[in-house]
Structures are given as C-alpha cells and as structure tokens.
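Step one of this worksheet: look at the structure below.
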Amino acid sequence: MRILKDKNNIIIKEISDFDLQQTLECGQCFRFYKQDEQDYVVVAYGRLLHIMEKDNNLVFLNKTIKEVENIWIPYFDLNRDYEKIKEFLLKSDETLEPAIKEKNGVRILNQEFVETLISFIISQNKQIPHIKHIVKTISENFGDYLGEVNGEKYYSFPNMKQLSNITEADFREMKTGFRAPYLSDAVKKLSTGIINEKEIRMLKEEDARKKLMEIKGVGEKVANCVMLFSLGYRQAFPIDVWIKRIMETLYFNGKDTSKEIIGKCAKELYGEYGGYAQQYLFCFGRDNKVGKNKNE
DNA sequence: ATCCAGGCCCGAT
DNA sequence: ATCGGGCATGGA
C-alpha cells in the first residue's frame, strides 16, 4: 500500500483485498451515497468524503494526507491483513469458498459507536433504503452542515450534545414508529453515562453484549452489529433473516433452525473470525438470494 | 391487496 | 427456556 499526493487528492496504490462498492454496499453502513460506478460520497466521524476506486487505486478527493491517515485508513480497515483472515476461514471451512471468492473486497468498517448504535436500533424490521433515509433525515435535522458534492448537501450525524436534544416525539416525526421510545432510551443511557463506549470496549464479548442489551430495543442481533461494526469485536456474529436462511441452506439442509443453534455452529466453525465470515456470507447470500425463492 | 423487511418486547406456556 | 402476536412504516 503506497500513499501519494496528486494535486488536491490523495491516492492509495497497490491496495489489495478491497473493493469500495462491496465494502459500502454490504449492509454494515448507512451513510454512503453512490454517485457513479465506484464513486461514492461517505459521511463519517463528522466529515464528508468523496472517494473513487479506479484501476485498483483509491482516490480521496480534496483531502490531506493527514486526514486520510488519521481518519479514513482506519475507517476502511485498510491496515489489516485480510489475506490472513481469508486463509484462516478457508482452512477451517471450505463451505465459505464461493462467498469469499465473490466478495473478495469486503472489509469491515470501523464506524462510530453512537451512530452505529442508533442506526441499528432503527434497522429492526426495516429495509436498508428506508434505514438510510431515516439516518439521513436525523442528520439533516440535528447534525452540522458539512458541504456539498455534485449539488447535494450533506450533514453530519448528530454528536452527543445534539442527540440529547432529540425527543421521542421528534423521533416519531422522523418515521421511526415503534422504535421511537427505544431510541430515546438509548440517548438517555448514553448521555447519563450508563452506556459508555470506553467502558464497554474493556469488557469481554459476553459482558459487552449484555451491557448493550440493557438498552430497550437492543437484542442480540443489534448488539452484535454494534460490537462488530463499531467496537472491534470481530468475533461477533449477528444473525438476521438473511444469515439465518443462508446458514440453514449451507449447514442444516434447508431446515428451520433456531438462532441459538446457528450461533453455536458459527462459533465452532469460525471462532474469532466470525464477524468476517458473517459479512462474506451476508453479502454473497443476499446478492444471490440464497435460500430464497429464485423466481421472485 | 397481502406479505415482509439486517428484530424486539411482552405475555402465555 | 421457548413460542407467537403485535408493532409503525414503506416497498415489492
């Protein structure tokens, strides 16, 4: 991986195991806006990013080397050796081979804790486009203006202070439905320090999950997503409707199987690398409609 | 129209 | 412990 400066842009060359589209569009993140093929606007960490992938190079438009190194390389998880991860997973279970081959460029983003928590509370029983829309609305109404790309204005996800001003009625107005009280409870526990990122990061996997589940509206699935996508627990294995179907197809002969059994199966097969396996499987399974009626 | 979506709560067994 | 109904809203 080589970083160089070209006029106002920063270019990363010789990057491997990375695909911008696969990484952004695989359901882990809701703040990306497609401009064109491999050309995206991303909002994260209170910043606006216009990024493109061209001929296996990553181009960060109008950025400094410092910001790319401090914010975006960690955000895209570019310092991690995914070759090693894939090797481990393939060795432990060759069932994963088609998924890993096709979704070769997926990386797990390191997203902000509060935004990830709020976003995945919203995500329950919703489709991704609608989740994206709600997170965008929250940002427009309560975040800061960041700038404009291709004539479209972008706003940061509200910080803790801005978030604590949002009432349950506000959440309802933003079409969060029955999740509004859950969101208010999360905001309350965050602002009073009952839920504290630094404290949770020091906990073991089981205890971190339990702590997050003290929030109303946070169950195993949401807790696991928050842990995997924003707290660095790469062994977390969120089981949603897709993963359930995929695992049933791959390992249980298509038979209806409880999430508990599926979770145990994943732990045994993938261990510390469960989160990566989950992402490869989720993206692959969703794109190929694994376990779903194909003529839909 | 009816069903379901990156689920979870709650009450009934 | 486990199961099923209900839940706001929008898209297929």
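These numbers come from the heavy atoms of this one structure, side chains and all, not from hydrogens, waters or symmetry mates. Here is how names work: the chains are called A, B, and so on, in the same order as the sequence lines, proteins then strands, and each is numbered from 1. The structure displayed is predicted, hence computed values, not measured ones.
Rounded to a whole Å, the OH atom of A:Tyr182 is 11 Å from the C1' atom of C:dA8. C:dT9 atom C1' lies 15 Å from atom CD of A:Glu173, rounded to whole Å. Taking atom NZ of A:Lys126 as the reference point, atom C1' of C:dC7 lies 11 Å away to the nearest angstrom. Rounded to an integer number of Å, the gap from CG of A:Asp240 to P of B:dG7 is 6 Å. Note: CZ (A:Arg172) to P (C:dT9) measures 8 Å, nearest angstrom. Residue A:His130 contributes atom NE2, which lies 15 Å from atom C1' of B:dG6 at whole-angstrom precision. Atoms CD1 (A:Ile121) and C1' (C:dA8) sit 16 Å apart, rounded to a whole Å. Between A:Lys259 atom NZ and C:dA1 atom P the separation is 19 Å, expressed in whole Å.
Aromatic stacking of A:Phe282 on B:dG6: satisfied, with centres closer than 5.5 Å and planes within an angle under 30 degrees.
Between A:Glu112 and A:Arg31, none of the side-chain N atoms (NZ, or NE/NH1/NH2) sits under 4.0 Å from a carboxylate O, so this pair counts as no salt bridge. Here A:Lys211 pairs with A:Glu214 in a salt bridge; the nearest charged N to carboxylate O distance falls below 4.0 Å.
In this structure, A:Gly27 reaches the bases: a heavy-atom distance under 4.0 Å links it to at least one base atom across the strands shown. Within 4.0 Å of A:Arg286, counting heavy atoms only, lies no atom of the nucleic acid at all. If you check every strand for non-hydrogen atoms under 4.0 Å, A:Glu260 touches sugar and phosphate atoms only. Looking at heavy-atom distances under 4.0 Å, A:Cys26 makes contact with a base. In this structure, A:Pro129 reaches neither bases nor backbone, as no heavy-atom distance under 4.0 Å exists between it and the strands shown. In this structure, A:Glu220 reaches the sugar-phosphate backbone alone: every heavy-atom distance under 4.0 Å involves primed, P, OP1 or OP2 atoms, never a base.
The same atom, P, is picked in B:dG6 and in C:dG6; the two are 23 Å apart, to the nearest Å. Comparing C:dA8 with B:dG11, their P atoms are spaced 15 Å from each other, to the whole Å.
Set against B:dG7, B:dA5, C:dT9, the side chain of A:Arg245 has B:dA5 as its closest nucleotide. Of the candidates B:dC10, B:dG6, C:dA8, the closest approach to any side-chain atom of A:Trp242 belongs to B:dG6.
Summarising the local packing, NZ of A:Lys34 is surrounded by more than 12 heavy atoms from other residues, nucleotides or ligands at distances under 6.0 Å. The environment of CD in A:Glu197 is crowded: more than 12 heavy-atom neighbours from other residues, nucleotides or ligands sit within 6.0 Å. More than 12 heavy-atom neighbours from other residues, nucleotides or ligands sit within 6.0 angstrom of NZ on A:Lys267.
Nearest-nucleotide mapping onto DNA chain B: of A:Met213 and A:Ile131, the residue sitting toward the 5' end is A:Ile131. Between A:Gln124 and A:Gln127, it is A:Gln124 whose nearest contact on DNA chain C lies nearer the 5' terminus.
Using a 4.5 Å cut-off on side-chain heavy atoms (C-beta onward), A:Phe237 and A:Met247 make contact.
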